[in-house]
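Note that ligands are numbered from 1 as they come in the structure, with each ligand's atoms numbered from 1 the same way.
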Amino acid sequence: AKRNGRNRYEYFTLEMDVQARTRRCMENDLREAITENQMRLYYQPITNSDQQAIIGYEALMRWHHPSKGLIMPGDFIPLAEETGLIHSLGAWALYEACREAKNWAGGQAVSVNLSPIQFKNSALVSVVEDALRGSGLEPWRLEVEITESVLLDDTLGNIHILQSLKALGVLIALDDFGTGYSSLSYLRSFPFDKIKIDRSFINDMSDSREALAIIRAITGMSRSLDIQITAEGVENREQFDKLKEEGCTLFQGYFFGRPQPSELRLTML
Ligand code: C2E
Ligand code: CA
Ligand code: CA
Ligand code: CA
């Protein structure tokens, strides 16, 4: 029994060792990814309720790894956040999104996701400023998406950073609303331009009264606060019709279009 126990212990340490090595390897790869030009932004259309026009795109990061192929953000953003590499990745994304959007004939807006970790860098505001100035993109065509965790703890002055970004003329959206700690009181701490209702609520809407009730609470409140509501993850006509009825004004999801590289992005519905 003692022998077995020891073997099991060795087995676990070996496994942990493999994990640690895989992680280190991935971290090194990630470090090179930007300089080696392996990162891409894919753009998913955002449409208004008339479904007439694409008014903007959300930039979503993809890693074209030389041997592993396409890696989705869920598989490298957490590591980038833990290692601090998100600062350079995030700055790259801001610059790249502004540069590509500047070339869009339709003049649509571009939304860029900001990690809460990026708020720990006091230079964040000048990073955004540099992206705007370097690309020549008009500030109102840039929107940043943040999650409520940015508001949860303001010891670093995150609200002040958001105010500075807004002063540049950039729009601010609250992403994944309804998940996490979400409380309507967050909406009083900062004048957001948009709220994005998390995909999970849209997904559950048809068979969950709770999900629908939350969507109603958000849209009801937005009317009095003059905030636009984006429904994320709209996958079919039924959801689209229902969400329009409930007062959502902006829509994003596979029903309209999937994220694509700038040159292949959907430009008409
Ligand atoms: P998110 O910001 O909530 O982005 C929306 C995600 O939902 C994207 O996944 C998008 O491809 C997916 N999606 C859009 N429409 C539909 C739909 O109709 N059905 C379904 N099932 N999914 C849909 P993606 O691209 O894998 O990104 C995942 C997350 O990774 C993002 O969630 C965001 O939190 C993070 N992320 C992506 N790019 C960046 C980035 O440049 N910087 C940072 N900090 N995070 C990023
Ligand atoms: Ca987002
Ligand atoms: Ca989201
Ligand atoms: Ca999300």
Side-chain angles (χ1 to χ4, degrees), residues 30 33-34 38-47 54 56-64 70-101 109-121 124 127-128 131 142-150 171-180 182 192-206 215 218 228-240 242-243 248 250-262 265-266:
L30 194 55
I34 301 177
Q38 294 162 10
M39 288 296 171
R40 294 285 179 280
L41 291 177
Y42 280 35
Y43 298 92
Q44 184 177 35
I46 299 169
T47 171
I54 293 169
Y57 299 86
E58 178 175 3
L60 296 156
M61 217 184 276
R62 303 287 182 264
W63 181 5
H64 288 246
L70 184 72
I71 307 183
M72 299 299 280
D75 294 323
F76 65 86
I77 295 282
L79 182 66
E81 290 179 330
E82 282 164 41
T83 55
L85 288 168
I86 193 68
H87 293 292
S88 47
L89 265 185
W92 171 83
L94 279 164
Y95 200 96
E96 180 74 357
C98 291
R99 193 184 64 80
E100 294 199 290
V110 68
S111 304
V112 178
N113 291 285
L114 289 187
S115 158
I117 307 292
Q118 288 177 267
F119 282 78
K120 294 184 178 167
N121 178 2
L124 179 60
V127 169
V128 172
L142 176 64
E143 179 172 300
V144 293
E145 298 190 0
I146 66 146
T147 51
E148 62 190 5
S149 58
V150 168
L171 302 184
I172 321 274
L174 185 55
D175 201 1
D176 298 344
F177 195 74
T179 61
S182 271
F192 289 97
D193 297 290
K194 284 175 196 167
I195 296 171
K196 302 186 80 171
I197 305 181
D198 192 69
R199 174 153 70 78
S200 58
F201 296 101
I202 314 302
N203 188 57
D204 297 348
M205 181 177 60
S206 60
I215 292 172
I218 300 172
Q228 295 229 70
I229 303 292
T230 309
E232 299 191 301
V234 181
E235 294 186 348
N236 56 54
R237 155 80 49 192
E238 193 190 329
Q239 291 170 337
F240 178 45
K242 182 75 184 152
L243 289 160
C248 291
L250 298 170
F251 305 86
Q252 183 182 352
Y254 295 166
F255 179 58
F256 307 101
R258 292 188 181 246
Q260 293 287 341
S262 179
R265 77 193 188 284
L266 193 70

Participant: Closest approach of Leu70 and Arg62, non-hydrogen atoms and distance?
Facilitator: CD1-CB, 3.8 Å

Participant: Do any nitrogen or oxygen atoms of Arg199 lie less than 3.5 angstrom from nitrogen or oxygen atoms of ligand 1?
Facilitator: yes

Participant: What I want to check is whether the side chains of Glu235 and Asn203 have a donor and an acceptor closer together than 3.5 Å.
Facilitator: no

Participant: Restricting to non-hydrogen atoms, name the atom on Ile46 and the atom on Tyr57 that form the minimum distance, rounded to 0.1 Å.
Facilitator: CD1-C, 4.1 Å

Participant: Can you tell me how far CG of Asp198 sits from CD of Glu232, rounded to the nearest 0.5 angstrom?
Facilitator: 6.0 Å

Participant: Can you see whether Tyr43 has Arg265 sitting over its ring - NZ or CZ less than 6.0 Å from the centre and within 45° of the normal?
Facilitator: no

Participant: Should one rank Phe256, Tyr254, Phe255 by closest heavy-atom distance to atom 16 (C) of ligand 1, which comes out on top?
Facilitator: Tyr254

Participant: So, is Ser111 placed with an N/O/S atom under 3.0 Å from the Ca ion (ligand 2), counting both backbone and side chain?
Facilitator: no

Participant: At a 4.0 Å cut-off, with the gap strictly under it, does some heavy atom of Pro259 reach an atom of ligand 1?
Facilitator: yes

Participant: Determine, using heavy atoms of Lys196 and all atoms of ligand 1, whether some pair is separated by less than 4.0 Å.
Facilitator: no

Participant: One residue to check: Asp198. Relative to ligand 1, which of side chain, backbone, both or neither has a non-hydrogen atom less than 4.0 Å away?
Facilitator: neither

Participant: Applying side chain to side chain contact (heavy atoms under 4.5 Å, CB included) between Leu114 and each of Ile172, Val150, Leu124, report the one that passes.
Facilitator: Leu124

Participant: So does Glu238 have more than 12 non-hydrogen atoms from other groups sitting under 6.0 Å from CD?
Facilitator: no

Participant: For residues Phe201 and Phe177, establish whether the separation of their ring centroids is below 6.0 Å.
Facilitator: no

Participant: With respect to the Ca ion (ligand 3), please indicate if Asp175 possesses an N, O or S atom at a distance under 3.0 Å.
Facilitator: yes

Participant: Under 4.0 Å, counting heavy atoms only: does Arg62 come that close to any atom of ligand 1?
Facilitator: yes

Participant: Numbering the atoms of ligand 1 from 1, which are under 4.0 Å from a heavy atom of Leu60?
Facilitator: 4 (O), 8 (C), 10 (C), 11 (O), 25 (O), 37 (C), 38 (N)

Participant: Rounded to the nearest 10°, what angle sits at the Ca ion (ligand 2) between OE1 of Glu145 and OE2 of Glu58?
Facilitator: 90°

Participant: What part of Met61, side chain from CB on, backbone N/CA/C/O, both or neither, has a heavy atom under 4.0 Å from ligand 1?
Facilitator: both

Participant: With respect to atom 33 (C) of ligand 1, which of Val234, Leu41, Asn113, Asn203 exhibits the smallest heavy-atom separation?
Facilitator: Asn113

Participant: Show your working on side-chain contact (heavy atoms from CB on, under 4.5 Å) between Leu79 and Leu85 and close with a plain yes or no.
Facilitator: CA-CA 8 Å; Leu79 182 66; Leu85 288 168; over 6 Å; no

Participant: In Asp176, what N, O or S atom is nearest to the Ca ion (ligand 3), if we give its atom name?
Facilitator: OD1

Participant: Among Glu96, Glu235, Gln44, whose heavy atom sits nearest atom 20 (C) of ligand 1?
Facilitator: Glu235

Participant: Nearest 0.5 Å, what's the CD1-CH2 distance between Ile34 and Trp63?
Facilitator: 10.0 Å

Participant: May I ask you to check whether Glu58 has an N/O atom sitting below 3.5 Å from an N/O atom of ligand 1?
Facilitator: yes

Participant: Quick check on Gln252 - does any of its heavy atoms sit under 4.0 Å from an atom of ligand 1?
Facilitator: no

Participant: Nearest 0.5 Å, please: how far is CG in Leu142 from OG in Ser111?
Facilitator: 8.0 Å

Participant: Out of all atoms in ligand 1, which are within 4.0 Å of some heavy atom of Asp176? Include the element for each.
Facilitator: 3 (O)

Participant: Look at atom 24 (P) of ligand 1 and find which of Pro73, Pro78, Ala59 reaches it with the closest heavy atom.
Facilitator: Pro73

Participant: Counting heavy atoms only, which part of Leu89 comes closer than 4.0 Å to ligand 1: side chain, backbone, both or neither?
Facilitator: neither

Participant: Taking only heavy atoms of Met72 into account, list the atoms of ligand 1 that are under 4.0 Å away from them.
Facilitator: 26 (O)

Participant: Tell me whether Arg258 forms a cation-pi arrangement with Tyr254, defined as NZ or CZ under 6.0 Å from the six-membered ring centre and within 45 degrees of its axis.
Facilitator: yes

Participant: Just jot down the ligand 1 atoms closer than 4.0 angstrom to any heavy atom of Glu232, in number order.
Facilitator: 3 (O)

Participant: Can you tell me the N, O or S atom of Glu232 that's nearest the Ca ion (ligand 3)?
Facilitator: OE2

Participant: When rounded to the nearest 0.5 angstrom, what is the spacing between CG in Leu60 and CD in Gln44?
Facilitator: 6.5 Å

